[in-house]
Amino acid sequence: MSVFEDLRNGKAYNVWDEQYKKEAHGEFKRCRHICHAINSTDPDEQDEIVALETELFNGKLEEGTFLTPPVYIDCARCLHLGKNVFANHGLTVMSVGTITIEDGVMMGPEVALLTVNHEPKNIRTIMTKEIRIKKNSWIGARVSILPGVTIGENAIVGTGSIVTKDVPDNAVAVGTPAKIVKMIE
(Lines give C-alpha, C1' and ligand atoms only; values in the text may rest on other atoms or scores of the structure.)
Protein backbone atom coordinates (compact mmCIF):
# COMPACT_ATOMS: atom_id res chain seq x y z
CA MET A 1 0.00 0.00 0.00
CA SER A 2 1.16 3.55 -0.67
CA VAL A 3 1.39 6.31 1.92
CA PHE A 4 -1.57 7.98 0.20
CA GLU A 5 -3.74 4.87 0.56
CA ASP A 6 -2.64 4.48 4.18
CA LEU A 7 -3.58 8.09 4.96
CA ARG A 8 -6.93 7.72 3.21
CA ASN A 9 -7.58 4.63 5.34
CA GLY A 10 -6.91 6.51 8.59
CA LYS A 11 -3.27 5.72 9.31
CA ALA A 12 -1.31 8.52 10.98
CA TYR A 13 2.22 9.28 9.77
CA ASN A 14 5.17 10.96 11.38
CA VAL A 15 6.40 13.54 8.86
CA TRP A 16 9.96 12.22 9.32
CA ASP A 17 8.97 8.66 8.30
CA GLU A 18 11.21 7.67 5.36
CA GLN A 19 8.39 6.25 3.22
CA TYR A 20 6.25 9.35 3.87
CA LYS A 21 9.14 11.64 2.92
CA LYS A 22 9.82 9.68 -0.25
CA GLU A 23 6.24 9.45 -1.54
CA ALA A 24 4.51 12.52 -0.14
CA HIS A 25 7.39 14.96 -0.42
CA GLY A 26 8.05 13.80 -3.99
CA GLU A 27 4.45 14.60 -4.93
CA PHE A 28 4.54 17.90 -3.03
CA LYS A 29 7.65 18.93 -4.96
CA ARG A 30 6.14 17.93 -8.32
CA CYS A 31 2.98 19.91 -7.57
CA ARG A 32 4.88 22.96 -6.27
CA HIS A 33 6.81 23.22 -9.53
CA ILE A 34 3.75 22.87 -11.75
CA CYS A 35 1.69 25.27 -9.61
CA HIS A 36 4.56 27.76 -9.86
CA ALA A 37 4.49 27.43 -13.66
CA ILE A 38 0.69 27.89 -13.71
CA ASN A 39 0.90 30.92 -11.43
CA SER A 40 3.70 32.45 -13.54
CA THR A 41 1.77 32.13 -16.81
CA ASP A 42 0.07 35.20 -18.28
CA PRO A 43 -3.59 34.93 -17.17
CA ASP A 44 -4.77 35.54 -20.75
CA GLU A 45 -2.88 32.42 -21.93
CA GLN A 46 -5.72 30.08 -20.94
CA ASP A 47 -4.66 27.31 -23.33
CA GLU A 48 -1.21 27.21 -21.66
CA ILE A 49 -2.81 27.24 -18.19
CA VAL A 50 -5.12 24.36 -19.15
CA ALA A 51 -2.12 22.41 -20.52
CA LEU A 52 -0.24 22.91 -17.24
CA GLU A 53 -3.32 21.99 -15.17
CA THR A 54 -3.66 18.84 -17.27
CA GLU A 55 -0.01 18.02 -16.49
CA LEU A 56 -0.67 18.68 -12.79
CA PHE A 57 -3.46 16.08 -12.87
CA ASN A 58 -1.39 13.55 -14.81
CA GLY A 59 -3.29 14.08 -18.05
CA LYS A 60 -6.76 13.79 -16.50
CA LEU A 61 -8.36 17.25 -16.49
CA GLU A 62 -12.07 16.86 -17.20
CA GLU A 63 -13.95 18.83 -19.84
CA GLY A 64 -14.87 22.36 -18.82
CA THR A 65 -12.83 22.30 -15.59
CA PHE A 66 -10.66 25.34 -14.89
CA LEU A 67 -8.76 26.54 -11.84
CA THR A 68 -8.03 30.27 -12.04
CA PRO A 69 -4.45 31.13 -11.05
CA PRO A 70 -2.96 31.50 -8.61
CA VAL A 71 -3.57 27.98 -7.30
CA TYR A 72 -1.75 26.11 -4.52
CA ILE A 73 -2.24 22.33 -4.60
CA ASP A 74 0.07 20.13 -2.57
CA CYS A 75 -0.98 16.67 -3.77
CA ALA A 76 -2.78 16.65 -7.13
CA ARG A 77 -2.72 12.83 -7.30
CA CYS A 78 -5.24 12.83 -4.40
CA LEU A 79 -7.47 15.57 -5.82
CA HIS A 80 -10.20 14.24 -8.14
CA LEU A 81 -12.10 16.82 -10.20
CA GLY A 82 -15.31 16.23 -12.15
CA LYS A 83 -16.49 18.02 -15.29
CA ASN A 84 -17.22 21.74 -15.36
CA VAL A 85 -15.58 22.45 -12.00
CA PHE A 86 -14.59 26.09 -11.61
CA ALA A 87 -12.39 27.64 -8.93
CA ASN A 88 -11.72 31.34 -8.79
CA HIS A 89 -8.24 32.64 -7.90
CA GLY A 90 -6.42 31.72 -4.73
CA LEU A 91 -7.60 28.12 -4.32
CA THR A 92 -5.52 26.42 -1.61
CA VAL A 93 -5.71 22.63 -1.46
CA MET A 94 -4.05 20.29 1.05
CA SER A 95 -5.33 17.06 -0.47
CA VAL A 96 -2.97 14.35 0.78
CA GLY A 97 -6.01 12.81 2.54
CA THR A 98 -8.00 12.78 -0.74
CA ILE A 99 -10.53 15.28 -2.07
CA THR A 100 -13.27 14.52 -4.58
CA ILE A 101 -15.02 17.45 -6.27
CA GLU A 102 -17.93 16.31 -8.43
CA ASP A 103 -19.33 17.81 -11.65
CA GLY A 104 -20.50 21.41 -11.78
CA VAL A 105 -19.01 22.64 -8.49
CA MET A 106 -18.17 26.34 -8.33
CA MET A 107 -15.77 27.88 -5.82
CA GLY A 108 -15.21 31.56 -5.13
CA PRO A 109 -11.87 33.26 -4.52
CA GLU A 110 -9.48 32.04 -1.83
CA VAL A 111 -11.27 28.80 -0.91
CA ALA A 112 -9.23 26.43 1.30
CA LEU A 113 -9.77 22.64 1.25
CA LEU A 114 -7.80 21.04 4.08
CA THR A 115 -7.66 17.26 4.62
CA VAL A 116 -4.71 17.32 7.03
CA ASN A 117 -4.52 17.79 10.78
CA HIS A 118 -1.77 17.19 13.34
CA GLU A 119 -1.74 15.08 16.48
CA PRO A 120 -1.87 17.61 19.37
CA LYS A 121 0.59 15.63 21.53
CA ASN A 122 3.03 15.18 18.65
CA ILE A 123 2.68 17.87 15.99
CA ARG A 124 5.05 15.96 13.70
CA THR A 125 2.35 13.30 13.27
CA ILE A 126 -0.31 13.99 10.65
CA MET A 127 -3.75 12.50 10.26
CA THR A 128 -6.10 13.00 7.33
CA LYS A 129 -9.78 12.69 6.51
CA GLU A 130 -11.30 12.83 3.05
CA ILE A 131 -13.32 15.80 1.78
CA ARG A 132 -16.14 15.32 -0.75
CA ILE A 133 -17.94 18.14 -2.54
CA LYS A 134 -20.97 16.84 -4.42
CA LYS A 135 -22.49 17.92 -7.73
CA ASN A 136 -23.48 21.50 -8.42
CA SER A 137 -22.60 22.87 -5.02
CA TRP A 138 -21.42 26.43 -4.65
CA ILE A 139 -18.63 27.35 -2.24
CA GLY A 140 -18.39 31.09 -1.51
CA ALA A 141 -15.27 33.22 -1.27
CA ARG A 142 -12.80 32.54 1.56
CA VAL A 143 -14.56 29.39 2.75
CA SER A 144 -12.45 26.84 4.61
CA ILE A 145 -13.56 23.20 4.49
CA LEU A 146 -11.92 21.06 7.16
CA PRO A 147 -10.96 17.36 7.21
CA GLY A 148 -13.74 14.78 6.89
CA VAL A 149 -16.46 17.12 5.59
CA THR A 150 -18.94 16.28 2.83
CA ILE A 151 -20.76 19.12 1.08
CA GLY A 152 -24.05 17.84 -0.33
CA GLU A 153 -25.40 18.09 -3.85
CA ASN A 154 -26.70 21.58 -4.78
CA ALA A 155 -25.58 22.95 -1.39
CA ILE A 156 -24.38 26.52 -0.91
CA VAL A 157 -21.71 27.52 1.61
CA GLY A 158 -21.67 31.26 2.32
CA THR A 159 -18.67 33.53 2.09
CA GLY A 160 -16.16 33.33 4.93
CA SER A 161 -17.63 30.19 6.46
CA ILE A 162 -15.54 27.55 8.20
CA VAL A 163 -17.11 24.15 7.56
CA THR A 164 -16.43 21.63 10.32
CA LYS A 165 -19.41 19.29 9.77
CA ASP A 166 -21.23 17.83 6.77
CA VAL A 167 -23.65 20.02 4.85
CA PRO A 168 -26.64 18.06 3.48
CA ASP A 169 -27.96 18.17 -0.09
CA ASN A 170 -29.85 21.39 -0.99
CA ALA A 171 -28.79 23.20 2.21
CA VAL A 172 -27.43 26.70 2.70
CA ALA A 173 -24.74 26.89 5.40
CA VAL A 174 -23.05 30.01 6.73
CA GLY A 175 -20.89 31.12 9.62
CA THR A 176 -17.99 30.13 11.81
CA PRO A 177 -18.52 27.30 12.34
CA ALA A 178 -20.97 26.91 9.45
CA LYS A 179 -24.55 26.14 10.38
CA ILE A 180 -27.53 25.29 8.17
CA VAL A 181 -29.70 28.40 7.79
CA LYS A 182 -32.19 27.14 5.20
CA MET A 183 -32.99 24.48 2.66
CA ILE A 184 -33.33 25.11 -1.06
CA GLU A 185 -36.68 24.01 -2.48
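Note that the structure is predicted; figures quoted are calculated from it, not measured.
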Practice prompt. Tell me whether V50 is reachable from L91 by hopping between hydrophobic residues (I, L, V, M, F, W, Y) whose side-chain heavy atoms are closer than 4.5 Å.
Written response: yes
Practice prompt. Flag the pair I99 / L79 as yes when at least one side-chain heavy-atom distance between them is below 4.5 Å, and no otherwise.
Written response: yes
Discussion item. Less than 4.5 Å apart, side chain to side chain, heavy atoms only: is that true for I139 and V163?
Written reply: no
Discussion item. Donor-acceptor pair, distance only, cut-off 3.5 Å: does the side chain of S95 make one with the backbone of C75?
Written reply: yes
Worksheet item: Atom SG in C35, atom NE2 in H33: separation rounded to 0.5 Å?
Response: 11.0 Å
Worksheet item: Partners of R30 by salt bridge (charged side-chain N to carboxylate O under 4.0 Å, His left out), sequence neighbours excluded?
Response: E27
Discussion item. With side-chain hydrogen bond (donor to acceptor under 3.5 Å, both in side chains) as the rule and sequence neighbours excluded, what pairs involving residues 42-63 come up?
Written reply: none
Practice prompt. Using the side-chain contact (heavy atoms from CB on, under 4.5 Å) rule, take T164 and V149 through it: C-alpha gap first, then chi angles, then the decisive distance, then the call.
Written response: CA-CA 7 Å; T164 61; V149 169; 5.6 Å; no
Response to the item:
Separation between CD1 (I38) and SG (C31), nearest 0.5 Å, reads 9.0 Å
Can you give the donor-acceptor pairs under 3.5 Å from side chains of residues 167-179 to other protein atoms, not counting sequence neighbours?
{"unit_1": "D169", "atom_1": "OD1", "unit_2": "E153", "atom_2": "N", "d": "2.7"}
{"unit_1": "N170", "atom_1": "OD1", "unit_2": "N154", "atom_2": "ND2", "d": "3.4"}

Worksheet item: Between M107 and L113, is a side-chain contact (heavy atoms from CB on, under 4.5 Å) present by the stated rule, with each step listed?
Response: CA-CA 11 Å; M107 293 175 277; L113 307 175; 4.2 Å; yes
Worksheet item: If we only count heavy atoms from C-beta on, is the I101 to T65 side-chain gap below 4.5 Å?
Response: no
Worksheet item: Can you pull the salt bridge (charged side-chain N to carboxylate O under 4.0 Å, His left out) pairs that have at least one residue in residues 64-81, sequence neighbours excluded?
Response: none
Discussion item. Could you check whether atom NE2 of H36 has more than 12 heavy atoms from other residues, nucleotides or ligands sitting under 6.0 Å from it?
Written reply: no
Discussion item. Rounded to the nearest 0.5 Å, what separates atom CD1 in I49 from atom CG in N39?
Written reply: 9.0 Å
Worksheet item: Is the closest side-chain heavy-atom distance between I151 and V105 below 4.5 Å?
Response: no
Item to complete: Could you tell me which residues satisfy side-chain hydrogen bond (donor to acceptor under 3.5 Å, both in side chains) with T125, sequence neighbours excluded, listed by chain and number?
Response: N122
Worksheet item: From L67 CG over to I73 CD1, what is the distance, rounded to the nearest 0.5 angstrom?
Response: 5.5 Å
Practice prompt. Find the distance between CG (L52) and OG1 (T41) and round it off to the nearest 0.5 Å.
Written response: 5.0 Å
Worksheet, complete the sentence: Minimal heavy-atom distance between G140 and V111, with the atoms involved, is O-CG2, 3.4 Å
Practice prompt. Tell me who clusters with L146, hydrophobic residues only, linked when side chains sit under 4.5 Å apart either directly or through other members.
Written response: V3, F4, L7, Y13, V15, W16, Y20, F28, M94, V96, L114, V116, I126, I162
Discussion item. How about CD1 on I184, more than 12 heavy atoms from neighbouring residues, nucleotides or ligands closer than 6.0 Å, or not?
Written reply: yes
Worksheet entry | Side-chain (D103) to main-chain (K83) donor-acceptor, under 3.5 angstrom | yes
Response to the item:
The side-chain contact (heavy atoms from CB on, under 4.5 Å) partners of A141 (sequence neighbours excluded) come to P109, T159
Worksheet entry | Pairing residues for E18 by the side-chain hydrogen bond (donor to acceptor under 3.5 Å, both in side chains) criterion, not counting sequence neighbours | K21
Practice prompt. Could you list all the side-chain hydrogen bond (donor to acceptor under 3.5 Å, both in side chains) pairs where at least one residue sits in residues 129-151, not counting sequence neighbours?
Written response: R8-E130, E102-R132, E110-R142
Fill in: Interatomic distance, T128 atom OG1 to N9 atom CG [nearest 0.5 angstrom]
9.0 Å
Fill in: ring pair (Phe, Tyr, Trp, His ring centres under 6.0 Å) pairs, two or more places apart, involving residues 46-99
none
Worksheet entry | Other residues, nucleotides, ligands: >12 heavy atoms within 6.0 Å of M106 CE | no
